Amino acid sequence: MARKRISWAPGAVADLEDICDFISKDSEYYAALFAKRIITVVESIPDFPSSGRIVPEYENEIIRERIYKNYRMIYRLKDDFIEIAAICNSAKPLREV
């Protein structure tokens, strides 16, 4: 089976930018490091896309998540690709994705 490509939803891009902007107020270095680590996790999703946890708020097989520290990377399994839908702090309620 071919490795699926990753597509970022505009909201997920905005989420990552907002988080990095917040971190960069204290340290641009750590903001860049955070972004790099999030992207590394996201890029590993196509290797085993179903290994992510089913998002409890949705209980839907195609909406899954990977976790890095206190952040959730929510993604959808599509027929031809994997869509990164949101990146959010796990301490906050999950908004609609």
Side-chain angles (χ1 to χ4, degrees):
M1 180 153 97
R3 190 173 198 261
K4 291 185 179 184
R5 69 177 175 84
I6 296 171
S7 175
W8 287 73
V13 173
D15 292 341
L16 184 57
E17 288 174 350
D18 290 347
I19 295 165
C20 290
D21 286 346
F22 179 78
I23 295 170
S24 71
K25 290 177 184 176
D26 289 329
S27 170
E28 289 194 19
Y29 170 79
Y30 285 111
L33 184 62
F34 176 83
K36 183 177 179 180
R37 290 188 174 159
I38 290 291
I39 290 168
T40 298
V41 172
V42 166
E43 288 177 345
S44 74
I45 292 171
D47 294 332
F48 299 99
S50 295
S51 68
R53 177 176 87 157
I54 295 171
V55 176
E57 292 90 339
Y58 292 102
E59 295 182 5
N60 185 325
E61 288 281 327
I62 67 165
I63 302 175
R64 296 182 173 259
E65 68 183 346
R66 291 276 177 92
I67 298 175
Y68 171 73
K69 295 197 175 196
N70 293 332
Y71 291 89
R72 301 166 73 182
M73 285 143 285
I74 312 295
Y75 62 96
R76 287 186 195 95
L77 300 174
K78 303 277 190 166
D79 289 336
D80 298 332
F81 63 97
I82 296 166
E83 179 185 41
I84 308 304
I87 299 174
C88 55
N89 189 307
S90 60
K92 295 181 180 179
L94 181 63
R95 63 173 169 75
E96 180 119 3
V97 294

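Please read these numbers as outputs of a predicted model, since none were measured by experiment.
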Inset, instruction - Check salt bridge (charged side-chain N to carboxylate O under 4.0 Å, His left out) between Asp47 and all other residues, then give those that pass, not counting sequence neighbours. - result: Arg3
Inset, instruction - Among Glu59, Glu65, Glu61, find the one that has a salt bridge (charged side-chain N to carboxylate O under 4.0 Å, His left out) with Arg53. - result: Glu65
Inset, instruction - Identify the two heavy atoms, one from Leu94 and one from Cys88, that lie closest to each other, and give their separation to 0.1 Å. - result: CD1-SG, 3.5 Å
Inset, instruction - With sequence neighbours left out, write down each residue that passes salt bridge (charged side-chain N to carboxylate O under 4.0 Å, His left out) with Glu17, or none if nothing qualifies. - result: none
Legend entry - Heavy-atom donor-acceptor pair, Tyr75 side chain to Pro49 backbone, under 3.5 Å: yes
Inset, instruction - Determine the interplanar angle of the Phe34 and Tyr71 rings, folded into 0 to 90°, and report it as parallel if under 30°, tilted if 30 to 60°, perpendicular if over 60°. - result: perpendicular
Legend entry - Leu33 side, atom CG; Tyr29 side, atom OH - distance, nearest 0.5 Å: 5.0 Å
Inset, instruction - Answer yes or no: are there more than 12 heavy-atom neighbours, outside Glu57 itself, under 6.0 Å from its atom CD? - result: yes
Inset, instruction - List the atom of Gly52, the atom of Arg64, and the distance in Å for their closest heavy-atom pair. - result: O-NH1, 2.7 Å
Inset, instruction - Just jot down the salt bridge (charged side-chain N to carboxylate O under 4.0 Å, His left out) partners of Glu43, sequence neighbours excluded, or say none. - result: none
Legend entry - Of Val41, Ile67, Ile39, the residue whose pairing with Met73 passes side chain to side chain contact (heavy atoms under 4.5 Å, CB included): Val41
Legend entry - Joint hydrophobic cluster, Ile54 plus Ile74, side-chain heavy atoms closer than 4.5 Å: no
Inset, instruction - With sequence neighbours left out, write down each residue that passes side-chain contact (heavy atoms from CB on, under 4.5 Å) with Asn60, or none if nothing qualifies. - result: Tyr58, Ile62, Ile63
Donor-acceptor pairs under 3.5 Å, side chain of residues 77-87 to any protein atom, not counting sequence neighbours: which ones?
| from | atom 1 | to | atom 2 | distance (Å) |
| --- | --- | --- | --- | --- |
| Glu83 | OE1 | Arg76 | NH1 | 2.4 |

Inset, instruction - Looking only at non-hydrogen atoms, find the nearest pair between Ile23 and Tyr30 and report the distance. - result: CG2-C, 3.8 Å
Legend entry - Residues that Ser44 engages under side-chain hydrogen bond (donor to acceptor under 3.5 Å, both in side chains), provided they are two or more places apart: Arg66
